[in-house]
Protein chains: 2
Amino acid sequence: MKIFRVLIAILFIWSLNACERPAEQILRPEYAMAIHGGAGVIKAELMSPEQDSLYRASLLEALKAGEKILITGGSSLDAVTAAITILEDNPLFNAGRGAVFNANGFIEHDASIMEGSDKNAGAVGAVRNIKNPILAARKVMETSPHVFLVREGAEQFAALQGLQIVDPSWFMVSRQREKYENTKSSQLEKEFPLGEKHGTVGAVALDKAGNLAAGTSTGGMHFKHQGRLGDSPVIGAGTWADNACCAVSATGHGEYFIRYGVAQDIASRMIYGGQSLKEAADEVVLQELVKLDAGGGIIAVDKDGNICMPFNTAGMFRASVRAREEPFVGLFASDSLQLE
Amino acid sequence: MKIFRVLIAILFIWSLNACERPAEQILRPEYAMAIHGGAGVIKAELMSPEQDSLYRASLLEALKAGEKILITGGSSLDAVTAAITILEDNPLFNAGRGAVFNANGFIEHDASIMEGSDKNAGAVGAVRNIKNPILAARKVMETSPHVFLVREGAEQFAALQGLQIVDPSWFMVSRQREKYENTKSSQLEKEFPLGEKHGTVGAVALDKAGNLAAGTSTGGMHFKHQGRLGDSPVIGAGTWADNACCAVSATGHGEYFIRYGVAQDIASRMIYGGQSLKEAADEVVLQELVKLDAGGGIIAVDKDGNICMPFNTAGMFRASVRAREEPFVGLFASDSLQLE
């Protein structure tokens, strides 16, 4: 009789989780992590086999750096920071080195980070000389009484905190300079391949202690107005983490993501509306944002280790891993993961 | 029999609304509007009768300017803009002229505006020479492809749009300069009277067409770090408007208001959680923020014209009016309004 009851309980738990994770995994994974490197016009036919390999290897490198921290019991905050720092340093992505130029021909970075345990957060906007903006966002969170610093105020704070300051030319790569010069001479809106118009990098993680964290970093929108902030540094729009619920990092047309408070909206749908992570994330990204013609995607992990990475564009640079599972790396819609 | 049914229907509608508006008003008022001038240590014993009268008259002046637009069928966006512009120009409040000094001894303003019909929004942050930051936020919303501009980018944009640019000294009043000098010489955190530590101004309105709008403007936190943004320019934190739900403008310890996405959270509780405006606003301001020791308040109007103005501080400069009702003006907790 007791065995019968236990069996029913197991079947019940299995039925709750079947739609979002492999059937064999019933308990919360020890850790879970996902990263992204931007969403957009990312199509197989636009990439050489070498580019394809390079993007996959780069994403895997950042994911592994985060996972290494989680495996050994490190915090989700450290894992998110480590992965984003690597993506910022990698010139392939629109964040840190390799970021897009603004309409005035230079680079301004935005970044934010949030931890789920106490919803503490830090953000920097329109900063020009901080080598790793995500480290500055974290310093704002951990060592200042503030949450959000922009421009010189943020730059001076980062320097005082001992973060690496570089000459703005350090961020500029020839690929982005050419794109800037082309846009400037034609003054036309162009469709940029490889998701670089609104590219972003981000990471979310759940650690062994059950703490969630999220972070996002970007050079913003190609040819943007000087001083323009997108959703990446806006807590609630591009980044959100709450241990009661989920951690989210977004990438896409930032103006819409701010106006619809995308990251926070996904969490609110779960907390107040009782939706699952998958229901909430899919409804926001694949329905609400599509109605607005707002291209982009999000990565998210919930408190039970479920991972969702929906996007409404041709592709999204993304990768994820959970304890005792093989890492997944995807660029296109055709790269599918069982748990997606 | 039919009359009996109609009576029951009327009684039912009355019962739904009784807790939030005077019993005699069953239908949505033609328009509704509320404004605030900051929350904080606002106590009768700290004010002279002359100061008391001056604050009340100033709030009434701003409210009346907004109401005048609503009466004649103007938009909630215009009403909110008009009221905030007046409060910015009034040196009594921490916004525009009369704003607090930052730790470097100058003034940086933040403002944002949002309309409920399409959730369009505009914001400026850390701007130093725009006479009316709320007008700049509105220009960003209406004439740029962006939502959020900061520092020189925002200042250059405002100048190009023909907005009035002033010398930074225009904003500086002796009261705030003295406070800055005192803090600088003592390097002590002080409790400032009259809600000036985190003061803000804001307005929310519902117009005859059923459109909601919200706006917020501030000089930020006294002695803040250069480049610090609070919740006022952050859509979702200090400002939110959605015709499906409500319009909210917040004032208080901005860092907490960002981390808890206060304005958007009130709307989410209504939309996904089925709470009334009063339930949602009271729970956030009087329970959640109190747990965090995050002082402040909000003003809100919902799509049915209900007005809520909860605050967890000693007082909040506030005023409200609805069609065919006398305007209400309050400074302290003891100033009570039947509908509050």
A/Val234 vs B/Ile235, test: side chain to side chain contact (heavy atoms under 4.5 Å, CB included). Steps then yes/no.
CA-CA 8 Å; A/Val234 176; B/Ile235 297 299; over 6 Å; no

Step through the atoms of chain B and chain A and list each donor-acceptor pair whose separation is under 3.5 Å.
from	atom 1	to	atom 2	distance (Å)
B/Asp118	O	A/Arg259	NH2	2.8
B/Lys119	O	A/Arg259	NE	2.7
B/His146	ND1	A/Glu255	OE2	2.8
B/His146	NE2	A/His225	N	3.2
B/Phe148	O	A/Leu229	N	2.8
B/Val150	N	A/Gly227	O	2.8
B/Arg151	NE	A/Glu152	OE1	3.0
B/Arg151	NE	A/Glu152	OE2	3.2
B/Arg151	NH2	A/Glu152	OE2	2.5
B/Glu152	OE1	A/Arg151	NE	3.0
B/Glu152	OE2	A/Arg151	NE	3.2
B/Glu152	OE2	A/Arg151	NH2	2.6
B/His225	N	A/His146	NE2	3.2
B/Gly227	O	A/Val150	N	2.8
B/Leu229	N	A/Phe148	O	2.8
B/Glu255	OE2	A/His146	ND1	2.8
B/Arg259	NE	A/Lys119	O	2.7
B/Arg259	NH2	A/Asp118	O	2.8
B/Gly261	O	A/Gln264	NE2	3.1
B/Gln264	NE2	A/Gly261	O	3.1
B/Asp265	OD1	A/Tyr272	OH	2.6
B/Asp265	OD2	A/Tyr272	OH	3.4
B/Ser268	OG	A/Ser268	OG	3.3
B/Arg269	NE	A/Tyr272	OH	3.2
B/Arg269	NH2	A/Tyr272	OH	3.3
B/Tyr272	OH	A/Asp265	OD1	2.6
B/Tyr272	OH	A/Asp265	OD2	3.4
B/Tyr272	OH	A/Arg269	NE	3.2
B/Tyr272	OH	A/Arg269	NH2	3.3

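- Within the 4.5 Å cutoff, side-chain heavy atoms of B/Leu229 are placed close to those of A/Val150.
- Per-residue counts of heavy-atom pairs under 4.5 Å with chain B were compared for A/Gly230, A/Ala267, A/Pro145; the largest is that of A/Pro145.
- Counting heavy-atom pairs closer than 4.5 Å to chain A, the top-ranked of the candidates B/Ala154, B/Gly227, B/Ala121 is B/Gly227.
- Residue pairs satisfying the salt bridge (Lys or Arg N to Asp or Glu O under 4.0 Å) criterion with at least one member in residues 211-223 of chain A, sequence neighbours excluded, are absent.
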